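Report on the following structure.
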Amino acid sequence: MVRSTGNPDGAGHEAKLTKVESKKTDLNIFESMVLREFIFQKSLYGESFLKSILLWLSLIIFSSSAFAGPLHRRPEKNSPPPVAPESITDPKDISKGTKPLPHRWDIKPPPHELNVTGHKYDPYNQNILKGDYPIWGEDVFFIFTGVSDTALEAKKLPVPSNPSAAGPGRIPFFGDGNLQAIQQNFKFSFELYQGNTSFKPRTWALKVTPVLNVNYLHAQERGIVNASVANGTSRTQFDFALQEALVEVHLANVSPYYDFISIRGGIQPFTSDFRGLIFSDTNFGGRLFGNLNNNKIQWNVAYFDMLEKNTNSELNMLERRDQQVLVANLYSQDFLGVLGWTNQFSVHYNHDRGTTHYDVNGILTRPDPAGAATNHELNSVYLGWTSDGHIGRINVNHAFYFALGKDSLNPQAGQKVDIEGQLAALELSYDRDWIRFRSSAFYSSGDSNPRDDKAKGFDSIFDLQKFAGGENSFFNHEAIRLNGVNLVQRNSLIPSLRSSKIEGQSNFVNPGLLLLNVGPDFEILQTLRAIANINYLRFIHTEPLEIFLNQSNIRKDIGWDYSLGLQYRPFLNNNVIVNVRGALFQPLGGFEDILTSNILYSAGTNLILTF
């Protein structure tokens, strides 16, 4: 019997159900008759099964038309939909057979061999230390990340033979340039935030990342590890820094799709473009950021009051350096309707007051120990357009920057100069099966007349350039010293002639660079990737070098840079990453004129363990 639900038409509803059940009973009786008839016909026709099938179909059609009821016939127009008896349930019975849960975090998927019980030492299954469970309420999470980054490096660079030589008989100007270095970083990141899902922005977040660094350098000549030759040829240093300490607050949503505006303040990382060509650093500042148009447009406005860096660990020191950097950029996905091609437009402003500063090894870095070594103020603006993505089957990455501004007393020019520099870069690649074929070009303008009031070379603010081989290549990875300054900075391609990237000032009177590159990437295994590169390097103008070195007729060709990098991820994740790299540098005329004709090398390995 069907229970009435209190509807005044309940009796009529029960009558309708009784008719439905009657129709079903009649149909079941008829289907039994049809089945008996089918067996009889099969025995009658023998193996002529096709005739039996035809008879069966005709009987089914006849039965459907003769006994069509509410369960078989399309409902009449405006008639209520049929209701099955089993779908009618007393509301009081709804909770039967269910078990309440205190929160949604205990809802488990069906049993599966891949579902492993979580553990506090397991970062890949449910773990309260990795933000899989809230630690307070329903939406406050905690994430702990531990990283051990170990880098070992051996290299040969052109270094001077100091008057107080490390060994007897070292008469040549250039000494033994073989060096060995170890960098060990232990990073511990603690992050607390309030949020709900991956689509909704965080309401607030707190993050602190202390870093412990141990660095070791062994050289063959004195005066390398420290300005004082009395400190020998080896150096071991320990450093501790608060590398990140930030607060983030969600200000507002600007659309139903969780397009938002948020603000972040404190010591924080920021990279201003796709390849870190102008600014890429972790420093003290504030950042206002958000997105628009269903996340197709992202934007940032970031301001940094720069901190001093430790010379050997490159970590932050809690000491202001009187330099401010302002960056505003806008990212647009699927630019001009081209799917998969993201473009970025940016403005950088660098204000560097240029105080006097010696690094921790006792070497003067501000002002540059060259030319007019006098404190000077630098104001530069960068207007940029970059892109990353693909156009059809071709992967495209490009950049163009125009730099302008003023330097109150450039050390190379010896006077106040107006800045007019350009940078251009283009990388095109094509994927075919397990190989990516890649070719690129890089250009930074040089100054053809270093003594006039125009500084037409190009220099960055604080770059970390991942281009044309990046840290695998010799010319990009190594800082090459030249008479108290660097011809090129560590992890930078620009021949800037500045004392230091992390502690010196930008210098726009420099020779500039033209780089041409080819190099394939090989996905050898799912766990192993190889990156090969061949770079040809050439100065744009050598006049800044000729005046700086008081040397004439310096040739423009720099050399050939051959590099190979291997990345091994044994577990197909980022918990264990092993990087191995090697590079050879073959000097050509220009490098031979200013430094050496000997083949130089750089090799290293990097082990990254992450929890």
Side-chain angles (χ1 to χ4, degrees), residues 277-278 350 368 370-372 378 380-384 399-407 409-426 440-461 463 465 467-468 473 475-476 479-489 492-499 501 504-517 535-561 585 587-595:
L277 298 176
I278 305 299
N350 179 31
D368 291 331
L378 179 69
S380 56
V381 176
Y382 301 79
L383 306 177
F400 177 78
Y401 282 97
F402 183 76
L404 64 158
K406 293 185 181 296
D407 189 342
L409 181 58
N410 182 271
Q412 306 293 340
Q415 62 177 317
K416 180 180 178 179
V417 295
D418 294 326
I419 299 169
E420 298 177 3
Q422 303 87 39
L423 179 145
L426 176 65
S440 60
F442 181 92
Y443 167 85
S444 67
S445 62
D447 196 334
S448 61
N449 188 356
R451 293 301 192 192
D452 66 5
D453 61 352
K454 303 292 184 183
K456 295 186 177 181
F458 188 91
D459 199 5
S460 64
I461 302 174
D463 56 357
Q465 296 177 356
F467 197 83
S473 75
F475 198 80
N476 181 295
I480 302 174
R481 296 295 286 178
L482 181 66
N483 282 18
V485 299
N486 286 336
L487 173 66
V488 64
Q489 311 297 322
S492 176
L493 289 169
I494 300 171
S496 58
L497 297 181
R498 64 196 270 191
S499 62
K501 180 177 75 175
Q505 292 178 276
S506 301
N507 174 36
F508 293 87
V509 179
N510 61 58
L513 177 73
L514 173 64
L515 179 149
L516 301 176
N517 159 271
N535 295 339
Y536 169 74
L537 303 113
R538 182 181 179 87
F539 294 124
I540 301 299
H541 297 289
T542 57
E543 288 84 356
L545 293 170
E546 293 175 353
I547 292 178
F548 176 63
L549 299 174
N550 195 23
Q551 178 180 342
S552 61
N553 299 321
I554 295 177
R555 288 169 286 182
K556 292 184 177 182
D557 47 348
I558 301 173
W560 291 94
D561 190 341
F585 181 75
L588 294 177
F591 201 86
E592 294 175 358
D593 292 339
I594 63 176
L595 286 169

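What you see is a predicted model, and the numbers here were worked out from it, not measured in a lab.
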(message) Could you check whether E592 pairs with R555 (Lys NZ or Arg NE/NH1/NH2 to Asp/Glu carboxylate O, under 4.0 Å)?
(response)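 Yes, this pair counts.
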(request) In plain terms, say whether K406 and D418 are close enough for a salt bridge, that is, a side-chain N and a carboxylate O under 4.0 Å apart. (result)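 Counted as a salt bridge, because a side-chain N and a carboxylate O are separated by less than 4.0 Å.
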Straight-line distance of [X] [atom1] to [Y] [atom2], nearest 0.5 Å:
| X | Y | atom1 | atom2 | result |
| --- | --- | --- | --- | --- |
| F475 | D561 | CZ | CG | 8.5 Å |
| F400 | Y443 | CZ | OH | 9.0 Å |
| E543 | I554 | CD | CD1 | 9.5 Å |
| R481 | S499 | CZ | OG | 7.5 Å |
| I419 | N350 | CD1 | CG | 8.5 Å |
| D407 | K416 | CG | NZ | 10.0 Å |

(message) Are more than 12 heavy atoms, taken from residues, nucleotides or ligands other than K456, located less than 6.0 Å from that residue's NZ atom?
(response)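 Check fails, neighbour count at 12 or below.
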(request) Please check if the side chain of K501 supplies one atom and the backbone of D463 the other of a donor-acceptor pair under 3.5 Å. (result)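 Yes; at least one donor-acceptor contact below 3.5 Å.
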(message) Looking at K454, is its backbone amide N or carbonyl O close enough to the side chain of D452 to form a donor-acceptor pair, meaning the two atoms are under 3.5 Å apart?
(response)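 Flag set: sc D452 to bb K454 pair under 3.5 Å.
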For residues [X] and [Y], determine if any side-chain heavy atom of one lies less than 4.5 Å from a side-chain heavy atom of the other.
| X | Y | result |
| --- | --- | --- |
| P450 | Q412 | no |
| S460 | I494 | yes |
| L482 | L545 | yes |
| L513 | F442 | yes |
| N476 | L493 | yes |
| V509 | F548 | no |
| I480 | F585 | no |

At their closest point, which heavy atom of [X] faces which heavy atom of [Y], and how far apart are they?
| X | Y | value |
| --- | --- | --- |
| R451 | I547 | NH2-CG2, 3.1 Å |
| Q422 | F402 | NE2-CE1, 3.5 Å |
| S506 | I461 | OG-CA, 4.1 Å |
| Q551 | D593 | NE2-O, 2.8 Å |
| A399 | L277 | CB-CD1, 3.4 Å |
| S440 | A468 | OG-CB, 4.1 Å |

(request) Any chance you could lay out the side-chain contact (heavy atoms from CB on, under 4.5 Å) test for N517 and F467, step after step, and finish with the verdict? (result) CA-CA 10 Å; N517 159 271; F467 197 83; over 6 Å; no
(request) Please work out which of the three classes, parallel, tilted or perpendicular, describes the rings of Y382 and F508, given edges at 30° and 60°. (result)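 Tilted: the ring planes of F508 and Y382 meet at 30° to 60°.
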(request) For a side chain to side chain contact (heavy atoms under 4.5 Å, CB included) with P511, tell me which candidate from L497, I540, I594 qualifies. (result)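 Exactly one candidate clears the test, L497.
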(message) R498 and side-chain hydrogen bond (donor to acceptor under 3.5 Å, both in side chains): which single residue from N507, N486, D459 fits?
(response)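 Checked N507, N486, D459 against R498; only one passes side-chain hydrogen bond (donor to acceptor under 3.5 Å, both in side chains): D459.
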(message) Can a side-chain donor-acceptor contact be found between S496 and N510 if the only test is distance below 3.5 angstrom?
(response)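 N510 vs S496: no donor-acceptor pair found between side chains.
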(message) In this structure, is the centre-to-centre distance between the rings of W560 and Y536 below 6.0 Å?
(response)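 Ring centroids of Y536 and W560 are less than 6.0 Å from each other.
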